[in-house]
There are 2 protein chains.
Amino acid sequence: MKSSAPTIRDVAAAAQVSTATVSKYINGAQRFSPKVEAALDVAIANLGYKSNPLAKSMITGRTNTIGLSVLDITNPHFSSILKGANRVAHDHEFSVLLVDTEETPSRERRTLEELSRRVDGMIVFSRLREKDMGWMADIDKPLVFFGSLNELPIPTVASDDHGGAFMLAQHLRMLGHKRIAYLGFSKSRRDEERLGGIYECLNAAGMELAVFDGEAPSSAEGERMCSSIVLGASRPDAVICYNDLMALGFMKEAANLGLSIPRDLSVVGFDNIPYGKYVSPALTTVDLQSERMGATAMTKLLAVIRGEPVEKLTKVAPQLVLRASTLARS
Amino acid sequence: MKSSAPTIRDVAAAAQVSTATVSKYINGAQRFSPKVEAALDVAIANLGYKSNPLAKSMITGRTNTIGLSVLDITNPHFSSILKGANRVAHDHEFSVLLVDTEETPSRERRTLEELSRRVDGMIVFSRLREKDMGWMADIDKPLVFFGSLNELPIPTVASDDHGGAFMLAQHLRMLGHKRIAYLGFSKSRRDEERLGGIYECLNAAGMELAVFDGEAPSSAEGERMCSSIVLGASRPDAVICYNDLMALGFMKEAANLGLSIPRDLSVVGFDNIPYGKYVSPALTTVDLQSERMGATAMTKLLAVIRGEPVEKLTKVAPQLVLRASTLARS
DNA sequence: CTGTTAGCGCATTCAT
DNA sequence: ATGAATGCGCTAACAG
């Protein structure tokens, strides 16, 4: 009785063949004579042989693992991305090694550089500005990035944040809102895109925008910022939040402060997380197709790994989801 | 200029030492004369040498990676568990390889057996019954399981579902509810524990319990089941849902059906997901301490890996979170 | 079809 | 304090 796990050599000995034969057989790289294959089957079954993936990876250089780096896995936007990415990976016999950077850009570089040695490719969501990301292009592994990139030669998957924001602003404008505010999160690279979309719409109509900046893209921050927005000298009649999480917190606190949404104030967000549907009033938002983005990114990355050509930028179209948190002004 | 990544041999050559010296130095296994160490530092910096983790893992047998298997990563309960587990892992320089079984027990075995070869240990959340889990104990890797186990010699981390359920039932009883219903999810191993806790409380008070069984632990299923519960011949005055997700769906549909919560009906759930706080009325629930459970499980697993003795069962105490979805009956 | 040989990059005796 | 030699488990030519 061997103490440690059986190796390819044990199988070879038991089946009276060479290790090369065993290797080729278990990898389906080649067919053999019936008697050899039968002997192999028996030996493998008897010994309970399982290929050692580490040894295999070392030699082939492939780990069948994809690294996925997100900013906060408890944010439903990211869990959905992970869901989509994981599903595609699983369908192709790949595993996902998760990295949660917890909104801490400082450690991203070291983490990802280390990660890159253990995976066949990476999908990255980052708070870094493009100019601080040069090292990413130097990582010698296929990479797909979430968000658009101007210079860096890295394939990306991006939602149309500008367009989505435009839709939201347009929707509010058509509903007759006059004083629109934006509760943003300037640390995010997407914040300016959203801001740009809103401005494009409002400027065309000669409308102003009151801009507030949050410290975190969270519901707690939405709550915290609420009073300074709605209790100011000129209360907005609509607030666009950086994301649904902030919108949820904002709405709750607004209600606390005695405001009725959407009567006193319309509120909208981004992402279409599943929970915007269960609050009252239900949250109008822009569906950024998180799960699909995750799946798309993984599909794209696997293509890169296979050496297939891919588009530099894949855009995923957002979709306005109309719910009760917006109401026409008289 | 070398084409592929520098190896320990390149460093050895550049620093005029042996590979053994390099290996010992980079692993801090031994100190060397100042000139040697200096030469090594220079060579490593010049070449940009990085240790190949795969080769290292193959030889040491350690990957510094932990496998975490959950049922559905988009369920906030599980993202929180992942959050906690990941944080502890990260603090100890471990990575997390995620498996999302998507509520499909059939593929669990193969997935986990494969996973076990790539990691130093695993943390598993499973829908399998203990009698179908024997193979888990045979996996030759440290393992921590979520939920309690009677026979299997696997260390576990469990919430006190029975106790939590008792608290919920007791709370409703003290509020004066007379007709309590349970919207469960019998596929889960925790369902019977929760049911048991409820029964223990209600039986002592001579009260009945109307039991309904959902097909999935999701908000959509909560919505779907709602009408058959509240539009029956005898409408309950309180509903305990298997988890917060179901409760959220249930509450929404109940409102659709014209019922006012908590006036017509109290509703409670399990988990204390962050979103129960933002619905109206806010959801009374039992906080199962998801994030802490994840952290606890990871801490425990790392202890097992280090060869330290651990308790077989670690219980995490639940906590009732009182919110507006429950109201005293007159 | 099947076997021989030669490493992959590294850690680990066991010498010196 | 340092190095030579060995092998982890496997795949990849190349030979026959």
Side-chain angles (χ1 to χ4, degrees), chain A residues 2-44 47-65 114 116-120 140-141, chain B residues 2-44 47-65 114 116-120 140-141:
Chain A
K2 294 243 344 165
S3 57
S4 62
T7 78
I8 205 179
R9 256 188 288 270
D10 299 320
V11 175
Q16 312 260 51
V17 298
S18 77
T19 59
T21 299
V22 181
S23 172
K24 287 168 194 159
Y25 181 63
I26 59 178
N27 287 325
Q30 200 182 301
R31 299 301 312 237
F32 295 89
S33 66
K35 38 177 89 158
V36 169
E37 300 203 342
L40 249 14
D41 287 336
V42 170
I44 289 172
L47 296 168
Y49 169 79
K50 299 273 176 47
S51 162
N52 180 331
L54 271 70
K56 179 171 183 168
S57 289
M58 184 181 67
I59 194 163
T60 60
R62 308 190 70 259
T63 59
N64 267 44
T65 302
E114 278 177 8
S116 75
R117 313 256 336 195
R118 323 190 96 279
V119 300
D120 292 342
D140 190 29
K141 277 287 163 57
Chain B
K2 295 245 341 164
S3 58
S4 61
T7 77
I8 204 178
R9 258 188 287 270
D10 300 320
V11 176
Q16 312 260 52
V17 297
S18 75
T19 59
T21 299
V22 181
S23 172
K24 288 167 192 159
Y25 180 63
I26 58 179
N27 288 324
Q30 197 182 304
R31 299 300 313 239
F32 295 88
S33 64
K35 38 178 91 159
V36 169
E37 299 203 343
L40 248 13
D41 286 335
V42 170
I44 289 173
L47 296 168
Y49 169 78
K50 300 274 174 48
S51 161
N52 179 330
L54 272 69
K56 179 169 184 167
S57 288
M58 185 180 70
I59 196 165
T60 60
R62 308 190 71 259
T63 59
N64 267 42
T65 302
E114 278 177 8
S116 74
R117 313 257 337 194
R118 321 190 98 277
V119 299
D120 292 343
D140 192 28
K141 277 286 164 57

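Lettering follows sequence order; numbering is per chain, from 1.
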Distance in angstrom units between [X] [atom1] and [N] [atom2], rounded:
| X | N | atom1 | atom2 | result |
| --- | --- | --- | --- | --- |
| A:Lys56 | C:dG9 | NZ | P | 18 Å |
| A:Leu54 | D:dC8 | CG | C1' | 11 Å |
| B:Ile44 | C:dC10 | CD1 | P | 11 Å |
| B:Ile8 | C:dC8 | CD1 | P | 13 Å |
| A:Ile59 | C:dC8 | CD1 | C1' | 6 Å |
| B:Asn52 | C:dC8 | CG | P | 12 Å |
| B:Arg62 | C:dA11 | CZ | P | 13 Å |
| B:Met58 | C:dC8 | CE | C1' | 7 Å |

Distance (rounded to the nearest 0.5 Å) between B:Thr60 OG1 and A:Leu54 CG: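 With rounding to 0.5 Å, OG1 (B:Thr60) is 8.5 Å from CG (A:Leu54).
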Spatial distance of atom CD1 (A:Ile8) from atom NZ (A:Lys56) [nearest 0.5 Å]: 10.0 Å
List the atom of [X], the atom of [Y], and the distance in Å for their closest heavy-atom pair.
| X | Y | result |
| --- | --- | --- |
| B:Arg9 | B:Thr19 | CG-CG2, 3.5 Å |
| B:Leu47 | B:Ala14 | CD1-CB, 4.2 Å |
| A:Lys141 | A:Val119 | NZ-O, 3.0 Å |

Tell me which nucleotide among [options] gets nearest to the side chain of [X].
| X | options | value |
| --- | --- | --- |
| B:Lys24 | D:dG7, C:dC8, C:dT12 | C:dT12 |
| A:Thr60 | C:dG7, C:dC10, D:dA12 | D:dA12 |
| A:Ile26 | D:dT11, D:dC10, D:dT2 | D:dT11 |
| A:Val17 | D:dG9, D:dA1, C:dG3 | C:dG3 |
| B:Ala20 | D:dC8, D:dA1, D:dA4 | D:dA4 |
| A:Thr19 | D:dT11, D:dC8, C:dA11 | D:dT11 |

Position toward the 5' end of DNA chain D (nearest nucleotide), B:Ala55 or B:Ser18: B:Ser18
What does [X] touch in the nucleic acid at a heavy-atom separation under 4.0 angstrom: a base, only the sugar-phosphate, or nothing?
| X | result |
| --- | --- |
| A:Ser51 | sugar-phosphate |
| B:Tyr25 | nothing |
| A:Glu37 | nothing |
| A:Ser23 | base |
| B:Arg9 | base |

Any A:Thr7 side-chain N or O less than 4.0 Å from OP1/OP2 of D:dG9: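 For A:Thr7, the contact criterion (side-chain N or O under 4.0 Å from OP1 or OP2 of D:dG9) is not met.
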Any A:Thr21 side-chain nitrogen or oxygen under 4.0 Å from OP1 or OP2 of C:dG3: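 Checking C:dG3 against A:Thr21, a side-chain N or O does come within under 4.0 Å of OP1 or OP2.
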Salt bridge flag under 4.0 Å for residues A:Lys50 and B:Glu114: no
